Visitor: 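Handing you this structure, nothing more for now.
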Amino acid sequence: MKDQLYQYLLMLGDNAMILGHRLSELCGHGPSLETDIALTNISLDLFGQVRNYFQYAAEVKGETNDEVTEDSIAFMRYPHEYRNTLLVEQPNKDFAFIITRQFFFDAYHLPLLEALMQSKDEQIAAIAHKSIKEVKYHLRFSSEWVKRLGDGTAESHNRMQTAVDYLYPYIGELVQETPIEKEMKEQGIGADLSLVRSKYYEKVKTVLQEATLSTPQFFGFHDGGKKGVHSEHHSHILSTLQYMQRTYPNMEW
Amino acid sequence: MQTATQHPDIEALLEKVTDPEIPVLSIMDMGVVRSIEKQEEGLLVKITPTYSGCPAMDTIAMEIKATLEQAGYPTTVKLILAPAWTTDWITPRGRARLEEYGIAAPLEANADKLALMDGVRIVPCTRCGSTNTKMISQFGSTACKALFQCEDCLEPFDYFKCLK
Ligand SMILES: [Zn+2]
């Protein structure tokens, strides 16, 4: 039971951490000063949320293993121990790609947190209450850009459609229930992903329509991340993310 | 929810601790101090973060401890998440200080949405007071602010976004 809660917290935290890391790569490289600042602010919010999840995860794990800390969870795990979805580890390509990935995550993140606010686990509910205020801003930002670029010039429209076509097959994994999520749902701790899914797909459909983008006809999807089976990109992220702690174990600021 | 008022002496000390990113605003005016408890082993001060990723929170916690211990109170600072901070907890004096400093204070939630999402011109310029202002960027110098510009006096200024 405690281990399932721990794994569930990793799932919640890892999505935010890997996406936060992808966004942090844009610091100083955004297409304009305003978007650069926006994306790195979103990254910072996500890292704040990660800290809350991992501090709690360390507490849960701490009952049997006092060597576990929020930092060891973030920096010392092996690739197969990360539970983030494949969507968030996709690399930054052009701005259309970055915004589409963000929108696909934010549109899922909001109904997920709405569900987690009802969690029987007080700490998860508290983190969700805190995070949702920030995620509302994230979703506003990314969905506005999807519309502006999709319904923009021929060039921006084409780039957006390319990004949507490429990333759409990754969104199914976000709302596909794994055994851990099923168990957490049944205990009243985790979100019911079938409810999240209907809100999520509805939002994606509405925004893509408004953006004059077509929703791909796709019936399967890529998965594996939640079970620890990642794409080649994942280890490259970890080699940057973990470099300091691996080179100088236990270093602190 | 009200901040604690049972310990005026401690609160006076905490008035000196400011947000490192908005130095005119004390943590009391910011509404991040949720409770002060006198216990046998010393003081327990509970604070809540403004934003999850606010990098100022660690510094604020250290400053609280240093300030109170210098005054002879052994102190423990605890970070709590619930109930989550809202911009409604900024005191009237805090709002006035923000405005003086050149940061427009948060509007109430509906007006905030109109200003940020629909481009409705209602955020008053901190320099000339005109509401003929437009949003430049939804995210400003920190996560809690958006960037605006006055179309009358041309002053660019930060707007503290409503968080509820
Ligand atoms: Zn003005």
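The shown structure was predicted, so the numbers you read here are calculated from the model rather than taken from an experiment. In what follows, every chain begins at residue 1, and chains take the letters A, B, ... in the order their sequences are listed.
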Visitor: What part of Glu144(A) is in contact with chain B, defined as an atom under 4.5 angstrom from a non-hydrogen atom: side chain, backbone, both or neither?
Guide: side chain

Visitor: Using non-hydrogen atoms and a 4.5 Å limit, figure out which bit of Gln55(A) sits close to chain B: side chain, backbone, both or neither.
Guide: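 Neither part.
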
Visitor: Mind ranking Ala82(B), Ala146(B), Cys54(B), Ser137(B) by heavy-atom pairs under 4.5 Å with chain A and telling me who comes out on top?
Guide: Ser137(B)

Visitor: With rounding to the nearest 0.5 Å, note down the distance linking CD1 in Ile37(A) to CD in Gln138(B).
Guide: 13.0 Å

Visitor: Check this for me: Asp9(B), atom CG, are more than 12 non-hydrogen atoms of other residues, nucleotides or ligands nearer than 6.0 Å?
Guide: yes

Visitor: Kindly check if the number of other-residue, nucleotide or ligand heavy atoms within 6.0 Å of CD (Glu67(A)) is above 12?
Guide: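 Not buried by this count: 12 neighbours or fewer within 6.0 Å.
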
Visitor: Around Arg159(A), counting heavy atoms of other residues, nucleotides and ligands shown, do more than 12 lie under 6.0 Å from its CZ?
Guide: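 Counting neighbours around CZ of Arg159(A), 12 or fewer heavy atoms of other residues, nucleotides or ligands fall under 6.0 Å, so no.
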
Visitor: If you count heavy-atom pairs under 4.5 Å between each of Arg51(A), Glu34(A), Lys136(A), Lys130(A) and chain B, which one has the most?
Guide: Lys130(A)

Visitor: Mark yes when over 12 heavy atoms from residues, nucleotides or ligands other than Glu122(A) sit less than 6.0 Å from its CD; otherwise mark no.
Guide: no

Visitor: Are the side chains of Tyr51(B) and Leu44(A) in contact, using a 4.5 Å heavy-atom criterion?
Guide: no

Visitor: Looking at Lys38(B), I'd like to know if its NZ atom is crowded, meaning that more than 12 non-hydrogen atoms belonging to other residues, nucleotides or ligands lie closer than 6.0 Å.
Guide: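 Yes, enclosed.
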
Visitor: If you take all heavy atoms of Asp45(A) and Ser52(B), which pair is closest and at what distance?
Guide: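 Scanning both residues completely, I find the closest heavy atoms to be O-CB, 4.0 Å.
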
Visitor: Backbone N or O of Lys133(A) within a donor-acceptor pair of the Lys164(B) side chain at under 3.5 Å?
Guide: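 No; zero donor-acceptor contacts below 3.5 Å.
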
Visitor: Has Lys185(A) got more than 12 heavy atoms of other residues, nucleotides or ligands less than 6.0 Å from its NZ?
Guide: yes

Visitor: Are Phe139(B) and Ile42(A) side-chain neighbours, meaning at least one heavy-atom pair lies under 4.5 Å?
Guide: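 Heavy-atom side-chain distance check passes, below 4.5 Å.
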
Visitor: Around atom CE of Met244(A), are there more than 12 heavy atoms from other residues, nucleotides or ligands closer than 6.0 Å?
Guide: no

Visitor: How about Lys113(B) and Arg140(A): do any of their side-chain heavy atoms sit closer than 4.5 Å?
Guide: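 The answer is yes, as the side chains (C-beta and beyond) meet within the 4.5 Å cut-off.
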
Visitor: Testing the basics here: between Tyr137(A) and Leu116(B), what is the closest heavy-atom pair and its distance to 0.1 Å?
Guide: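 Smallest interatomic distance, heavy atoms only, reads CE2-CD1, 3.5 Å.
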
Visitor: Applying side-chain contact (heavy atoms from CB on, under 4.5 Å), run through Leu81(B) and Gln123(A) and close with a yes or a no.
Guide: CA-CA 8 Å; Leu81(B) 293 177; Gln123(A) 189 63 10; 3.5 Å; yes

